[in-house]
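Input: a single structure, listed below in structure tokens.
Protein chains get the first letters and strands the later ones, always in sequence-line order, with residue 1 at the start of each.
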Amino acid sequence: MVRHTGKQVFQVIEELISAAIEQQLAARFSLTMRVSLEQPKQSSFGELAVPVAFQLARQLKRPPRQIAEELTAKLSAVPGVASFEIAGNGYINIRLDRGSYAESLLRPPASAASEAGEKIVVEHTNINPNKAAHIGHLRNAILGDTFVQMLRKRGRNVEVQNYIDNTGVQVADVVVGFHYLEKKTLLDVQALIADPSVRFDYLCWDLYARISAYYKENAEAIRWRADTLHAIESGQSEIAELAHAVSDAIVLAHVATMYRLGIKYDVLPRESEILHLNFWATAFELLKERGAIYFEERGKNAGCWVMPSSAFRESGGAATEADSEEDSKVIVRSNGTVTYVGKDIAYQLWKFGLLGRDFHYRPLLAYPDGHQVWVTTEDESAPDTRRFGRAGKVFNVIDSRQSYLQDVVVAGLRALGFEEQAQSSVHFSYEMVALSPRTCIEMGIELSKEDRRRPYVEVSGRKGLGVKADDLIDKLIETALAEVEDRHPDDSPDVRREVAGQIAVGALRYFMLKFTRNSVIAFDFHEALSFEGETGPYVQYATVRAGNIIRKFVDRGGHLPDFEAVLTADVLARCFGNDDLWQLLLLASKADSAIERAVASGEPAHVAKYAFQLAQAFNNFYHGTSVITEDVEERRNVLLWLTGYVRSQLLGTLKVLGIEQPLYM
RNA sequence: GGGGGCGUAGCUCAGUUGGAUAGAGCAUCAGCCUUCUAAGCUGAGGGUCACAGGUUCGAUCCCUGUCGCCCCUACCA
């Protein structure tokens with residue numbers, strides 16, 4: 001049996017093989033190098049392959065095949081490996097000992113206590129609290145949340161933050177809309193928020209589009225925005241209270257929307273506290289003191305505090321040119337107010353525990369499972385003494401369009417001398433969600449000739465152009481429910497609704513995850529509402545089927561054996577001599593390494609892809625092999641165990657993707 | 001102009017560190033429900049991996065150039 005230490009069985013064998021071949025390299029060629037393994041394209045070549053002979057062919061000036069032969073000639077036996085074979089021009093193909101591999105999956109050792117290590121902060125969602133969330137925000141939150149689940153599954157200590165920009169221009173615009181356009185008082189707005197028949201976040205969606213259009217027609221109205229922004233920043237006026245009422249209500253709406261998808265947060269740091277608890281003032285002093293920013297006396301940025309472009313531009317070869325000041329980034333405006341980037345530098349410093357200041361916190365709400373979300377407050381009497389932040393590594397899940405600003409934030413850290421933290425600041429970027437021209441037409445959006453020819457049309461909150469998150473979720477549930485009702489006309493409506501909800505979430509989360517991060521999603525209703533092919537429901541369906549086999553077996557009077565007792569190494573070796581069964585087991589056993597690889601590459605899409613492939617392999621097995629009616633007891637036991645194993649691996653992977661298994665489908 | 005991303009089947013996309021015959025889904029066509037649920041399975045057709053060089057035993061992948069598309073390049077975020 002293979003020995004291992006809480007790592008994946010497969011990974012342990014890989015390491016043993018590498019070590020054995022490295023030893024031969026040292027003995028025969030006096031070479032020390034890392035030997036890497038790869039997966040052969042065809043399963044008939046075996047489970048692993050070593051291409052090292054090719055790499056050495058040039059160096060040793062000998063044919064690769066000869067090198068491979070020499071390396072394997074006196075190779076000592078590696079536990080868990082059945083054979084080494086030379087193939088093609090010089091591949092060393094490796095076949096595993098199937099019986100021993102299966103046995104170590106059946107009887108997993110107690111896994112070593114995993115050390116949690118440094119804290120990782122993942123910041124995601126970050127929606128401006130001035131309107132309902134749209135599909136672009138969904139991509140952000142789903143990517144961020146899935147990445148968090150991936151990290152946690154692999155034993156990391158993660159804290160989820162959702163930054164609330166409640167003092168920015170976007171909130172100010174909606175406040176302008178209420179105050180100047182609609183002539184509404186604080187009381188009026190509070191009444192709207194309290195009115196259960198009003199979707200306040202939807203109302204703000206429309207109002208935001210309206211005021212944005214109004215600015216275009218009435219340029220002088222921009223002054224209202226400046227006045228409002230100023231009032232919000234200084235606090236303590238009816239305008240400031242109105243802004244808080246709006247943003248607090250919208251934040252709750254966003255948190256509720258995301259919770260429909262199973263997305264939860266630990267803490268919501270608010271920009272108003274960044275300002276009022278002097279986070280910014282502290283960071284400002286630091287930036288000035290260490291010369292990271294300077295006061296511009298001339299040019300278009302005269303009167304501003306700016307960061308020179310040389311700080312955040314990679315190869316500023318022409319940095320000595322006079323025009324470089326044109327590219328400087330304004331941190332403090334000439335009217336004395338701070339830009340978003342400035343506040344973000346203060347926030348980033350706090351995340352690493354570098355600011356020497358902290359927020360106060362109050363409980364915002366508790367999820368049904370008891371998990372508490374905290375929000376920052378300036379109220380010193382707040383009871384909480386929790387400590388958020390103080391991270392060793394920070395992932396900011398932010399749209400790739402903001403990479404320039406993220407570079408400035410990191411440059412700020414670097415300029416302050418925090419090189420290590422600068423390197424531990426990751427902009428977890430992703431491309432935007434746009435609308436396919438077809439979907440625009442379906443939604444009755446007028447397209448210009450130009451837009452019609454484009455592959456996609458950009459979403460715009462200012463124009464009110466986009467698909468609201470809750471509308472999409474509702475539509476998905478409705479579509480799923482129709483299907484569920486059709487299939488299970490006699491079941492209780494409550495259960496059907498729950499099942500439809502789980503399918504809808506499965507479809508949506510998978511859809512947002514199946515694309516790699518730097519691929520623009522041209523959102524299309526037809527594709528998003530599909531439950532067939534490479535979709536979440538496909539994976540859910542395979543999982544439900546696996547559960548059905550075991551349930552039906554028991555229902556029909558079958559007795560599930562004690563697999564560990566019944567399935568001897570002998571039995572396993574015999575049954576997994578069948579290639580199809582073996583390939584399924586092998587694939588299912590790689591769930592954790594697939595997740596770890598996805599963590600390393602920062603690509604949640606890889607987990608989604610793996611889940612689909614495993615579901616596909618299982619559906620294939622399901623079609624070709626009858627488990628319950630298998631007459632030979634020994635084989636039936638193996639099939640039952642395999643079914644249960646695949647199911648648990650699918651469930652574990654779906655959980656990471658934030659997708660639940662419905663009761664039935 | 002500068003920075004970044006992209007270009008793979010009719011469409012939407014994967015493609016692990018460069019490695020064996022470039023893969024899925026959708027769409028199209030042909031089959032499979034008296035079976036552990038057909039939201040499924042099997043099969044077929046469909047490719048100059050944008051183009052041209054270079055490095056290499058070997059390039060969809062690395063380098064250079066060209067063409068095309070997108071994003072950023074605000075005292076908005």
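- Under the salt bridge (Lys or Arg N to Asp or Glu O under 4.0 Å) criterion, the residue pairs touching residues 599-612 of chain A are A/Glu534-A/Lys609, with sequence neighbours excluded.
- Per the stacking criterion (ring centres < 5.5 Å, plane angle < 30°), A/Tyr91 stacks onto the base of B/A20.
- Side-chain atoms of A/Thr479 and A/Phe531, non-hydrogen and from C-beta on, do get closer than 4.5 Å to each other.
- Taking 3.5 Å as the limit, the base of B/C75 and the side chain of A/Thr339 contain no donor-acceptor pair of atoms between them.
- Straight-line distance between the C1' atoms of B/G58 and B/G43: roughly 34 Å, to the nearest whole Å.
- Non-hydrogen atoms lying under 4.0 Å from RNA chain B are contributed by A/Glu483, A/Val484, A/Arg487, all within residues 480-490 of chain A.
- For the C1' atoms, the distance linking B/A74 with B/A27 amounts to 44 Å, nearest Å.
- If you check distances only, the side chain of A/Asp399 never reaches the base of B/A77 with a donor-acceptor pair under 3.5 Å.
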* Asked: Given pairs defined as Watson-Crick or G-U wobble with both distances under 3.5 Å, what dot-bracket annotation applies to RNA chain B, with ( ) intrastrand, [ ] crossing, | other strand and . unpaired?
  -> (((((((..((((.....[...)))).(((((.......))))).....(((((..]....))))))))))))....
Are any protein N/O atoms closer than 3.5 Å to N/O atoms in nucleotides 69-71 of chain B? If there are, list each pair with its distance.
residue	atom	partner	partner atom	Å
B/C70	O2'	A/Tyr456	OH	2.9

* Would you give a per-nucleotide map of nucleotides 21-31 of chain B, 5' to 3', where B means the base has a protein non-hydrogen atom under 4.0 Å away, S means only the sugar-phosphate does, and - means neither? => B--SSS-----
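- RNA chain B is contacted by no residue of residues 637-646 of chain A, taking any non-hydrogen atom closer than 4.0 Å.
- With A/Phe312 as the aromatic partner, A/Lys329 does not meet the cation-pi criteria of under 6.0 angstrom to the ring centre and within 45 degrees of the ring axis.
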